[in-house]
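Written below as structure tokens is the structure these notes are about.
For this chain, numbers begin at 1 and follow the sequence in order.
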Amino acid sequence: MTIELTIACGDRDLNRALLTGEVEPDGVDATTTPVYPSNRHRRFFADREFDACEVSLASYLSSRARPDEYPFTAIPVFPAKRFRHSFFYKHADADVDGPADLAGKAVGVSSWQTTANVWMRGIAGDFYGLDLESVTWYRRKGDDVPIDVPDRFDIRPVPGEHGGDAVAEREDLKRALFEGELAAAMDPAGSLFWDVADSERAEFVFDDPLAAEREYFAETGVHPPMHAVAIRDEVLDDHPWVATEIFDAFCESRDACLERNGSPSANASLTWAHLHLLEQRRILGEDAWEYGLTDRNRRGLVKFVEYAHDQGLIPRPYDVEELFVDGFA
């Protein structure tokens with residue numbers, strides 16, 4: 001029996017074979033669509049628009065408290081992992097030498113629930129001594145899964161034309177940072193990264209973010225997962241085998257990507273791509289992109305659950321097994 005399913009995921013190299021149809025889950029006639037993350041997450045959490053979807057890990061965790069309202073369950077596929085020290089910025093005149101200096105200051109975030117921001121806030125507190133409750137937080141947009149953030153956190157909308165709920169527009173956050181209304185900002189957008197890199201009004205919080213990220217990994221062994229893949233419970237109830245087949249297809253797509261990238265002549269617009277890949281393997285190891293509930297992935301998930309609970313996204317610290325379809329332990 002073949003069933004028809006829609007799958008939405010990021011347009012990244014790990015998913016490329018799925019998106020081109022080179023790889024397809026057994027027993028599934030899949031329509032696989034690349035969708036930009038913020039739009040993809042909002043469409044799935046609000047409308048369950050896809051049968052399976054690569055989703056924000058933070059929003060997914062927040063959804064687990066209301067399964068009737070958010071009837072889907074994840075499989076342990078993590079196609080997006082990234083350190084976030086290099087997406088943490090400060091105004092050039094903010095008198096900030098490190099995260100702890102942001103106590104008592106205004107800091108912008110894309111949303112409270114953005115996975116990248118949950119990671120960086122957690123790391124700033126856990127690793128660098130920032131008291132998160134001492135910061136005035138300004139968010140650019142609302143959360144995909146509405147939650148009641150504890151009153152101990154002072155969270156306000158970014159002032160400006162868009163009123164703190166700009167889904168695609170980042171100009172308010174950028175303007176507030178560049179004009180000094182915010183001492184710092186955390187935002188995963190590539191556009192803001194390049195704007196800061198090219199500006200004299202804003203700088204990276206870490207003078208050498210690459211060194212800071214490597215130090216964090218060396219001390220924690222955590223390669224931060226950003227996304228998982230969720231499947232609608234209706235599909236899982238009717239066709240429980242689908243979870244394994246979609247998991248295997250994402251693994252096959254990943255393996256095809258890693259094999260392509262392993263060639264020194266791989267097509268990439270990075271002149272030293274092969275040397276960067278060699279360095280990544282030396283630092284992160286051969287299993288940097290493994291899927292499943294491995295020891296390495298559990299380490300990252302346990303730490304993220306801790307951060308999500310400390311920041312008020314979830315009502316209690318979940319066990320890792322609670323978050324995923326049975327059978328992947």
Side-chain angles (χ1 to χ4, degrees), residues 35-43 56 58-59 80 82-125 128 130-147 149 153-210 212-213 226 311 313:
V35 185
Y36 187 76
S38 58
N39 294 334
R40 181 179 71 241
H41 302 162
R42 186 161 287 203
R43 287 163 65 180
S56 154
S59 297
R82 182 164 291 183
F83 300 96
R84 288 299 175 179
H85 299 64
S86 51
F87 294 84
F88 193 3
Y89 317 108
K90 63 181 179 180
H91 187 267
D93 299 326
D95 191 25
V96 170
D97 293 325
D101 295 332
L102 292 170
K105 292 182 169 62
V107 178
V109 294
S110 41
S111 79
W112 191 252
Q113 204 175 71
T114 299
T115 301
N117 296 162
V118 176
W119 270 115
M120 198 60 244
R121 286 194 303 264
I123 291 170
Y128 297 100
L130 175 62
D131 178 2
L132 302 184
E133 296 178 22
S134 72
V135 175
T136 302
W137 301 97
Y138 286 86
R139 64 166 180 82
R140 179 176 62 81
K141 64 177 183 177
D143 296 322
D144 290 331
V145 175
I147 57 172
V149 181
F153 297 108
D154 185 357
I155 304 175
R156 310 176 187 184
V158 171
E161 178 183 352
H162 301 283
D165 196 27
V167 174
E169 180 58 70
R170 290 180 166 84
E171 287 304 308
D172 286 342
L173 182 64
K174 173 185 170 182
R175 179 198 55 77
L177 174 64
F178 280 31
E179 293 183 4
E181 295 177 18
L182 298 173
M186 305 172 180
D187 193 276
S191 58
L192 186 55
F193 173 88
W194 289 110
D195 287 339
V196 170
D198 294 337
S199 174
E200 295 182 355
R201 293 184 290 169
E203 304 168 346
F204 297 105
V205 167
F206 297 94
D207 292 336
D208 188 344
L210 182 56
E213 292 176 354
M226 297 290 145
Q311 296 172 36
L313 277 76

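- For an aromatic pair to be called close, the ring centres must be under 6.0 Å apart, and F204 with F193 satisfies this.
- At least one side-chain heavy atom of Q311 sits less than 4.5 Å from a side-chain heavy atom of L132.
- Nearest heavy atom pair, residue Q113 against residue S56, reads O-OG, 4.2 Å.
- Looking at H91, its side chain never comes within 3.5 Å of a backbone N or O of A202 through a donor-acceptor pair.
- Ring pair Y128/F206: centre-to-centre distance below 6.0 Å.
- T115 approaches A58 most closely through the heavy-atom pair OG1-N, 2.9 Å.
- Although no hydrogens or angles enter the test, the distance criterion places a donor-acceptor pair under 3.5 Å between the side chain of D131 and the main chain of E133.
- Atom CD of E181 and atom CG of L173 lie 10.5 Å apart (nearest 0.5 Å).
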- [ ] Go through the steps for E179 and R201 under the test salt bridge (Lys or Arg N to Asp or Glu O under 4.0 Å), then give the verdict.
- [x] CA-CA 8 Å; E179 293 183 4; R201 293 184 290 169; 5.4 Å; no
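- In terms of the side chain to side chain contact (heavy atoms under 4.5 Å, CB included) criterion, residue partners of A183 (sequence neighbours excluded) are, by chain and number, A94, L102, K105.
- Among all heavy-atom pairs drawn from N117 and P188, the shortest one is ND2-CD, 4.3 Å.
- Looking only at distances, a side-chain donor or acceptor of R40 sits under 3.5 Å from a matching main-chain atom of V35.
- The distance from atom CZ of R121 to atom CZ of F88, rounded to the nearest 0.5 Å, is 10.5 Å.
- Between the S110 side chain and the R140 main chain, no donor and acceptor come within less than 3.5 Å of each other.
- In this structure, CE on M226 lies 8.5 Å from CZ on R82, to the nearest 0.5 angstrom.
- A pairwise comparison of heavy atoms in A124 and P99 identifies CB-CB, 4.0 Å as the closest pair.
- Within 6.0 Å of the CZ atom in R43, the count of heavy atoms belonging to other residues, nucleotides or ligands exceeds 12.
- Classification of the W137-W112 ring pair by plane angle, with boundaries at 30° and 60°, yields perpendicular.
- Separating the CG atom in L177 from the CG atom in L182 is a distance of 6.5 Å, to the nearest 0.5 Å.
- For the residue pair V149 and I155, the shortest heavy atom distance occurs at CG1-CD1, 3.4 Å.
- Atom CG of D95 is separated from atom NZ of K90 by 8.5 Å, given to the nearest 0.5 angstrom.
- Put simply, NE2 on H41 and OG1 on T114 are 9.5 Å apart, with the number rounded to the nearest 0.5 Å.
- Between S38 and K141, the closest heavy-atom pair is CB-NZ, 3.6 Å.
- Contact of the F153 side chain with the V135 side chain is not registered, since no non-hydrogen atoms from C-beta on lie closer than 4.5 Å.
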